[in-house]
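All heavy atoms count here, side chains included; hydrogens, waters and symmetry mates do not. As the structure lists them, so they are numbered: ligands from 1, and atoms in each ligand from 1. It should be emphasised that the depicted structure is a prediction, and the values quoted were computed from it without experimental measurement.
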Amino acid sequence: MSFDVDTLPPVRGKLLRDAPLAPYTWFRVGGAADALFLPADEDDLADFLKSLPDEVPVTVLGVGSNTIVRDGGIAGVVVRLMGRFWGAVEIDGSQVMARAGALDLSVAKAAGQAGVSGLSFLSGIPGSIGGAVRTNAGCYGSELKDVLRAVEGVTRRGERTVLARDEIEFGYRHTDFPEGVVVTRLLLSGTAGGDPDVLAEEIASHQARRAETQPIKDKTGGSTFANPDPPGTVDGRSSWKLVDAAGCRGLHVGGAQVSEKHCNFLINTGEATAADIEALGELVRARVLAHSGVDLRWEIRRIGRLKV
Ligand SMILES: Cc1cc2nc3c(=O)[nH]c(=O)nc-3n(C[C@H](O)[C@H](O)[C@H](O)COP(=O)(O)OP(=O)(O)OC[C@H]3O[C@@H](n4cnc5c(N)ncnc54)[C@H](O)[C@@H]3O)c2cc1C
């Protein structure tokens, strides 16, 4: 450990030492954080980061639906925004204010109940709304950028910052959102005057479609590789087809397996380590490269130390 956790600044929320992170990720793998900070609110987060020595690394984790935490754990402090304060969603006309820890599904449901249309697609993404920013999360033809107006956050130095949508460059599952800023709140907008019953049906149908096509009951991390061609482009090559064509459906490494149901998903069949999952992903990339010449890009974020 590169710093003494006993000298960390005092907090009003929770600060847990040597905290296992596997329970906080969908894959249920990975080691411990040197320290896990669950801030009580924005002031708690800002005060802590202001007092935290510069050399201590800070990593943000949402609900871990797009992340592999490696088996050696994470150096420094992991920040996670959870609890009632961080899950709040407020609606005003067509505007939706969501704190970063709110689940995308909760944001979609709150908007739908208030008759705000345009946000139902979020119900198909099992992450937190704060976690949707970095990758411009999206599905069913819509992306976060389509409904985002502004992002509030706290910098590594503990300063408050607000970025308007136009100050962020958005691409397919990618943004230039500044590293080191913890997203605390999003301002989104849709169209007011929608029928809550129709929007509830839209959400239910997104969820039914998900359950049919994806292994959502498994320990997984969502789409492993970004599609080589963003949706709407002429070639439209999708990762799952390339993985399938390379003969990888059902492929195993240790306790990790390429899902039989959707072969751009890797799953932990029970006893996988993070190393198994990452090795399987690399094996798939190598086979796809050999078969079709496409060098797939990891969409899942892999963080932390290898276990030695
Ligand atoms: C079954 C399944 C289906 C999925 N389907 C889709 C889909 O259709 N479309 C899609 O886009 N994704 C999909 N995903 C991936 C995932 O749900 C999204 O990427 C989601 O936005 C990640 O949110 P999270 O809270 O889990 O983030 P995490 O996995 O915890 O983190 C992801 C990234 O966001 C950053 N981050 C998280 N919270 C914050 C914050 N408050 N401030 C700053 N940075 C933060 C992290 O540092 C990290 O870089 C799917 C995943 C699963 C398991």
Side-chain angles (χ1 to χ4, degrees), residues 21 24-28 30 37-39 42 45 49 57-69 74 77-82 86-87 98-108 121-146 148 151-156 161 163 168 170-175 177-186 206-207 209-227 230-231 238-240 259 261-262 264-268 277 298-304:
L21 294 173
Y24 297 117
T25 73
W26 266 60
F27 272 121
R28 298 284 187 272
F37 176 34
L38 311 174
E42 280 138 1
L45 173 65
L49 291 175
V58 173
T59 304
V60 195
L61 196 60
V63 296
S65 65
N66 199 219
T67 300
I68 296 172
V69 172
I74 297 184
V77 177
V78 171
V79 174
R80 193 159 186 269
L81 309 179
M82 61 187 294
W86 292 109
R99 289 226 169 86
L103 290 177
D104 296 325
L105 174 61
S106 310
V107 178
F121 77 93
L122 288 170
S123 63
I125 308 166
S128 65
I129 197 76
V133 176
R134 171 107 22 233
T135 58
N136 183 25
C139 60
Y140 305 137
S142 300
E143 298 174 306
L144 185 74
K145 74 166 172 52
D146 303 331
L148 184 69
V151 182
E152 287 179 16
V154 176
T155 67
R156 172 62 184 81
T161 178
L163 283 159
I168 305 167
F170 290 93
Y172 167 63
R173 297 296 169 270
H174 173 79
T175 66
F177 189 77
E179 284 294 332
V181 172
V182 181
V183 173
T184 52
R185 203 157 67 137
L186 275 73
H206 287 333
Q207 296 206 284
R209 186 165 157 194
R210 280 275 137 168
E212 217 173 278
T213 56
Q214 295 181 357
I216 55 167
K217 297 232 158 76
D218 286 315
K219 298 172 187 142
T220 181
S223 296
T224 309
F225 306 109
N227 289 325
S238 54
S239 297
W240 79 262
S259 167
K261 192 168 190 176
H262 188 316
N264 195 26
F265 282 62
L266 305 183
I267 55 177
N268 170 5
I277 299 169
W298 280 90
E299 185 171 322
I300 290 176
R301 190 175 69 136
R302 294 148 300 138
I303 53 174

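- Interatomic distance, Ile277 CD1 to Ile68 CD1, rounded to the nearest 0.5 Å: 5.5 Å.
- In this structure, CG in Leu45 is found 6.0 Å from CZ in Phe37, a value given to the nearest 0.5 Å.
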Contacts table for ligand 1: protein N or O within a distance under 3.5 Å of ligand N or O, distances only.
residue	atom	partner	partner atom	Å
ligand 1	5 (N)	Arg210	NH1	2.9
ligand 1	8 (O)	Arg210	NH1	3.1
ligand 1	8 (O)	Arg210	NH2	2.9
ligand 1	9 (N)	Gly138	O	2.7
ligand 1	11 (O)	Gly138	N	3.0
ligand 1	11 (O)	Gly138	O	3.4
ligand 1	11 (O)	Arg173	NE	3.4
ligand 1	17 (O)	Ser65	OG	2.7
ligand 1	19 (O)	Asn66	OD1	3.4
ligand 1	21 (O)	Gly131	O	3.3
ligand 1	25 (O)	Val63	N	2.9
ligand 1	25 (O)	Ser128	N	2.9
ligand 1	25 (O)	Ser128	OG	2.6
ligand 1	26 (O)	Gly64	N	3.2
ligand 1	26 (O)	Ser65	N	2.8
ligand 1	26 (O)	Ser65	OG	2.6
ligand 1	29 (O)	Ser65	N	3.3
ligand 1	29 (O)	Asn66	N	2.9
ligand 1	29 (O)	Thr67	OG1	2.8
ligand 1	30 (O)	Gly62	N	2.6
ligand 1	30 (O)	Gly64	N	2.9
ligand 1	31 (O)	Thr67	OG1	3.4
ligand 1	41 (N)	Val183	O	3.1
ligand 1	42 (N)	Val183	N	2.8
ligand 1	47 (O)	Val60	O	2.8
ligand 1	47 (O)	Arg301	NH1	3.3
ligand 1	47 (O)	Arg301	NH2	3.2
ligand 1	49 (O)	Arg301	NE	3.1
ligand 1	49 (O)	Arg301	NH1	3.3

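- Atom CZ of Phe177 is separated from atom CZ of Phe170 by 9.0 Å, given to the nearest 0.5 angstrom.
- Here Lys219 contributes atom NZ and Phe27 contributes atom CZ; the two are 11.5 Å apart, rounded to the nearest 0.5 Å.
- Aromatic ring orientation, His262 versus Trp240: perpendicular (interplanar angle above 60°, classes split at 30° and 60°).
- Side-chain contact between Asn66 and Arg134 is absent, with no heavy-atom pair separated by less than 4.5 Å.
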